[in-house]
A.B. asks: 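I'd like to ask you about the structure that follows.
Throughout, a chain's letter reflects where its sequence line sits, starting with A, and its residues are numbered from 1. The figures that follow rest on heavy atoms only: side chains count, while hydrogens, waters and symmetry mates do not.
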Protein chains: 2
Amino acid sequence: MKDITSKLIGLFKRGYCTPQIARIAKKIKEPSTTIHYNIKKLEKEGAIKTYKAVFDYKKVREGHCTYILINLNKGKYGDPEEIAKELAKHDNIESVDICTGEYELIIKLRSKDIDEYYEILKHLIKKHNFSKTVSMTSLKQMKTEFVEM
Amino acid sequence: MKDITSKLIGLFKRGYCTPQIARIAKKIKEPSTTIHYNIKKLEKEGAIKTYKAVFDYKKVREGHCTYILINLNKGKYGDPEEIAKELAKHDNIESVDICTGEYELIIKLRSKDIDEYYEILKHLIKKHNFSKTVSMTSLKQMKTEFVEM
DNA sequence: AAATATAATTGAATATTATTCAAATATTAA
DNA sequence: TTAATATTTGAATAATATTCAATTATATTT
């Protein structure tokens with residue numbers, strides 16, 4: 001066996017998809033060349049970042065999902081934006097936002113299970129020296145990435 | 001003018017895209033028929049929910065982004081799952097999770113600006129009778145839907 | 001208001017890509 | 001070991017995206 005599946009999941013997580021121009025043309029009853037023109041325009045303007053897949057994350061071994069509110073340690077440990085950029089590179093982190101309110105950062109972390117979640121969080125706290133974290137684990141995901149589950 | 005753009009954004013928010021089989025085949029150096037077979041399998045299993053676009057949300061009039069932590073009013077106002085399902089239908093809400101911790105729900109809300117955000121939140125509080133909400137507005141979105149910004 | 005420039009729409013032709021099918025190979029179950 | 005099932009693959013076909021040139025609409029300038 002070649003395990004093409006996991007390669008596909010990796011690629012689809014952030015790209016390797018494309019619009020269905022013919023289907024859209026039928027749907028909104030316009031010529032496909034018009035649709036094509038307008039899509040290319042959105043892409044050139046940078047309004048569209050990428051085309052990607054949305055998964056049933058339980059079925060792709062990322063069923064555990066936690067929102068983590070983070071307080072950073074001020075001073076010598078680098079500025080929040082740098083830390084946020086670092087976090088954004090992590091493959092298990094779906095989103096990273098610098099926020100208003102009690103916490104400086106909010107991240108959404110997906111993992112296989114609670115054990116993997118714990119290992120990742122432990123590692124992140126150590127690496128970036130967070131002064132405080134509050135975790136909210138999802139018991140039921142009703143909607144993700146604008147897609148109802 | 002036909003304003004095809006806003007129709008496209010609406011459709012791409014949750015679908016009307018498809019995998020690029022030929023490009024994947026080149027990338028991982030396997031025959032495109034093999035890629036095709038494996039993708040169809042993932043789709044049949046329900047592992048892939050949809051293919052969609054990710055936007056630069058500032059450029060599609062959804063630049064304001066807030067995480068809202070919610071406490072529900074117990075009792076007569078319906079169970080959390082029903083409310084979550086209702087919220088999930090809302091077009092400005094990117095995600096809805098039922099959570100552990102101090103708050104029962106966490107939602108991610110995208111709007112044009114702070115005024116629209118305020119109107120939507122006011123409406124939601126009134127409609128679903130939340131007992132408490134805490135808002136964390138994103139000052140900078142470093143990553144969304146697994147896509148770095 | 002007219003003239004000009006720019007942007008958007010569209011049909012026809014072409015290039016690219018997905019899909020189907022049948023056969024071969026590999027894996028799993030009996 | 002055999003039979004059943006799942007996966008891989010090349011060749012042929014069907015469907016789709018893309019290019020191009022022409023038309024129409026919109027915005028800008030005089």
A.B. asks: Would you say a side-chain N or O of K41(B) is under 4.0 Å from OP1 or OP2 of dT7(D)?
C.D. replies: yes
A.B. asks: Mapping I4(A) and Q20(A) onto DNA chain D by nearest heavy atom, which one lands closer to the 5' end?
C.D. replies: I4(A)
A.B. asks: Can you measure from CD1 (I48(A)) to CD1 (I39(A)) and round to the nearest 0.5 angstrom?
C.D. replies: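 Answer rounded to 0.5 Å: 6.5 Å.
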A.B. asks: Taking only the side-chain nitrogens and oxygens of N38(B), find out if one of them lies under 4.0 Å from OP1 or OP2 of dT7(D).
C.D. replies: no
A.B. asks: Considering only dA17(D), dT9(C), dT9(D), which nucleotide approaches the side chain of T34(B) most closely?
C.D. replies: dT9(D)
A.B. asks: Mind calculating the distance between CD1 (I28(A)) and P (dT9(C)) to the nearest angstrom?
C.D. replies: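 One finds 10 Å between P of dT9(C) and CD1 of I28(A), rounded.
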A.B. asks: Can you measure from CD1 (I106(A)) to CD1 (I106(B)) and round to the nearest 0.5 angstrom?
C.D. replies: 4.0 Å
A.B. asks: Is K85(B) salt-bridged to E81(B), cutoff N-O under 4.0 Å?
C.D. replies: no
A.B. asks: Among the nucleotides dT9(C), dG11(C), dA17(D), which one has an atom lying closest to any side-chain atom of H36(A)?
C.D. replies: dA17(D)
A.B. asks: Just how far, in rounded Å, is C1' of dT8(D) from NZ of K29(B)?
C.D. replies: 19 Å
A.B. asks: Main chain of R61(B), side chain of D113(B): is a donor-acceptor contact present, judged purely on distance under 3.5 Å?
C.D. replies: no
A.B. asks: Distance check: side-chain N/O of Y37(B) vs OP1/OP2 of dT7(D), anything under 4.0 Å?
C.D. replies: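 Answer yes for this pair, as a side-chain N or O of Y37(B) is under 4.0 Å from OP1 or OP2.
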A.B. asks: Between T18(B) and I35(A), which residue's closest nucleotide on DNA chain C lies nearer the 5′ terminus?
C.D. replies: I35(A)
A.B. asks: Between P on dT24(D) and CD on E30(A), what's the gap in Å once rounded to a whole number?
C.D. replies: 17 Å
A.B. asks: So which nucleotide from dT19(D), dA18(C), dT20(C) ends up closest to the side chain of T33(B)?
C.D. replies: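 Selected nucleotide (nearest to the side chain): dT20(C).
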A.B. asks: Assess the pair F12(B) and F55(B): is the distance between their ring centroids shorter than 6.0 Å?
C.D. replies: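 Between F55(B) and F12(B), which both carry aromatic rings, the centre distance is not below 6.0 Å.
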A.B. asks: Whole angstrom is fine here: how far is it from CD in E45(A) over to C1' in dA8(C)?
C.D. replies: 13 Å
A.B. asks: Select one nucleotide: of dG11(C), dA18(C), dT9(C), the one nearest the side-chain heavy atoms of P31(A).
C.D. replies: dG11(C)
A.B. asks: Rounded to whole Å, please give me the gap between CD1 in I21(A) and P in dT14(C).
C.D. replies: 20 Å
A.B. asks: At under 4.0 Å between heavy atoms, what does K40(B) touch on the DNA or RNA strands: base, sugar-phosphate, or nothing?
C.D. replies: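 Sugar-phosphate only.
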A.B. asks: Starting at atom CG of D3(A), determine the distance to atom C1' of dA6(D), rounded to an integer number of angstrom.
C.D. replies: 15 Å
A.B. asks: Write down the distance between CD1 (I24(B)) and C1' (dT9(D)), rounded to a whole number of angstrom.
C.D. replies: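 The distance from CD1 of I24(B) to C1' of dT9(D) comes to 17 Å, rounded to the nearest Å.
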